[in-house]
Amino acid sequence: MSETQGFLTHLKQGLTKTRNNFLSGLENAFASSKIDQELYNDLEDTLIMADVGLETTTYLLDKLKKTVKEKNIIDSAQLRPVLAETIKNLLEVAENQPIDFSGTNQVHLIIGVNGVGKTTTIAKLAAKFRENKRQVLLVAADTFRAAATEQLQQWGERLQVPVIHHQEGADPGAVAFDGMAAAKARKVDIVIVDTAGRLHTKVNLMEELKKVKRIILQNVENRELQTLLVLDATTGQNAINQVKTFNEAIGVDRIAITKLDGTAKGGIILAIANQFKIPISLIGVGEKQEDLQDFNPTAFANALFE
Ligand SMILES: Nc1nc2c(ncn2[C@@H]2O[C@H](COP(=O)(O)OP(=O)(O)O)[C@@H](O)[C@H]2O)c(=O)[nH]1
Ligand SMILES: [Mg+2]
């Protein structure tokens, strides 16, 4: 099997739940060859069920109806590829901006609420940089729970990557400061900063993250700071609010969507692409390292329909 085929098979497997749901909905909608209101209603239900959201579902259906008119389509079988193409075009709007795993001078600030998969994603990222012989430094700025630092340290040991950390409860800004100083002293290529994500003190969290970002920027030198927001696909429409909140407070350069393997509602990715135009760079389709993939709109759309 070629590398591309392997990638596609893996993506399809990861999207099994979403795909099965989506395909059975489509089968139902396209059961009759007639293009009528019932078909549009069924399509609407299918998209809403997949967590595409009302706004984006309406957008997609409007596009479809327009194409049906323009191209004078009368058979529902002809509509299916049009839907696939429309979804692909929508996903391309969130033009993916892949992380340059063979690059240098990068600082990645990883943000997102608790449990979305930040630390796991960091480990996967670090492994990919290591594969490209990049020197990586991890910074444990999630000081809220001791377990968070321990988790990152374990990954550091496994991947043979140094981890800068302080005690539980320490100031995350101070950890970030030490992290940047260590990066300079050790001349590492890539710095990845883990952060806390507890939600019950949202205002404090945002203030804390702003401070971490400020301190990184003050010590960034010739490195480029890039903020990656991690979202959990299983949280559904709430992910939309998370993008809004984090983007307004911190600014988000890239989005990673994890746990697409664990949900039938992978359509959330369409809602995010349509509503924010922030590049979706990475998707997580499982817990293993190879389960973190560069997001490819065409492959994703194909994986949904095939
Ligand atoms: N199924 C699945 N689980 C994931 C994925 N990414 C992360 N997880 C799991 O989600 C849980 C929380 O991850 P963690 O990285 O600790 O989240 P954090 O609190 O944001 O740092 C862990 O059990 C991970 O193994 C994914 O893409 N798929
Ligand atoms: Mg964590």
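Counting starts at 1 for both ligands and their atoms, in listed order. All heavy atoms count here, side chains included; hydrogens, waters and symmetry mates do not.
- Considering only non-hydrogen protein atoms, atom 17 (O) of ligand 1 sits nearest to G117 N, 3.0 Å.
- If you check which protein heavy atom lies closest to atom 19 (O) of ligand 1, you get G115 N, 2.7 Å.
- In summary, an N, O or S atom of T119 is located under 2.8 Å from the Mg ion (ligand 2).
- Below 3.5 Å of separation, one finds an N or O of G286 facing an N or O of ligand 1.
- Ranked by closest heavy atom to atom 20 (O) of ligand 1, the top entry among R145, K118, Q293 is K118.
- Atoms of ligand 1 found under 4.0 Å from any heavy atom of V285, numbered from 1 in the order shown, are 27 (O).
- Scanning the protein for heavy atoms near atom 8 (N) of ligand 1, the closest one is K259 CE, 3.8 Å.
- Each of I257, L304, L90 was checked for a side chain to side chain contact (heavy atoms under 4.5 Å, CB included) with I269, and the lone residue meeting it is I257.
- The shortest non-hydrogen separation linking T56 to L270 is CG2-O, 3.8 Å.
- Remark: ligand 1 and D194 share no N or O pair separated by less than 3.5 Å (distance only, no angle test).
- Distances from atom 6 (N) of ligand 1 to the heavy atoms of D261, D291, T258 put T258 nearest.
- Closest non-hydrogen pair, I164 versus A182, comes out as CD1-CB, 3.6 Å.
- With respect to V193, the side chain to side chain contact (heavy atoms under 4.5 Å, CB included) criterion is satisfied by exactly one of L138, I110, I216, L137: I216.
- More than 12 heavy atoms of other residues, nucleotides or ligands sit less than 6.0 Å from atom CD of E92.
- Counting the atoms of ligand 1 from 1 in the order shown, those under 4.0 Å from a heavy atom of G284 are 27 (O).
- Residue E287 approaches ligand 1 through these ligand atoms, each under 4.0 Å from one of its heavy atoms: 1 (N), 2 (C), 3 (N), 4 (C), 9 (C), 23 (O), 24 (C), 25 (O).
- The minimum heavy-atom distance linking K118 with I111 is given by the pair CD-C, 3.6 Å.
- Contact analysis leaves G262 out of contact with ligand 1, as no non-hydrogen atom separation drops below 4.0 angstrom.
- A perpendicular orientation is assigned to the rings of F305 and F22, their planes being inclined by more than 60° (bins at 30° and 60°).
- For ligand 1, the polar-atom distance check against T121 finds no nitrogen or oxygen pair separated by under 3.5 Å.
- Atom numbering of ligand 1 starts at 1 in the shown order; those under 4.0 Å from a heavy atom of Q151 are 16 (O).
- Residues F177 and H166 keep their aromatic ring centres 6.0 Å or farther apart.
- When all heavy atoms of F144 and A196 are compared, the closest pair comes out as CB-CB, 4.2 Å.
- What sits closest to atom 15 (O) of ligand 1 on the protein, heavy atoms only, is T120 OG1, 2.5 Å.
- Remark: of the listed residues D232, T120, D291, D232 is the sole one forming a side-chain hydrogen bond (donor to acceptor under 3.5 Å, both in side chains) with K259.
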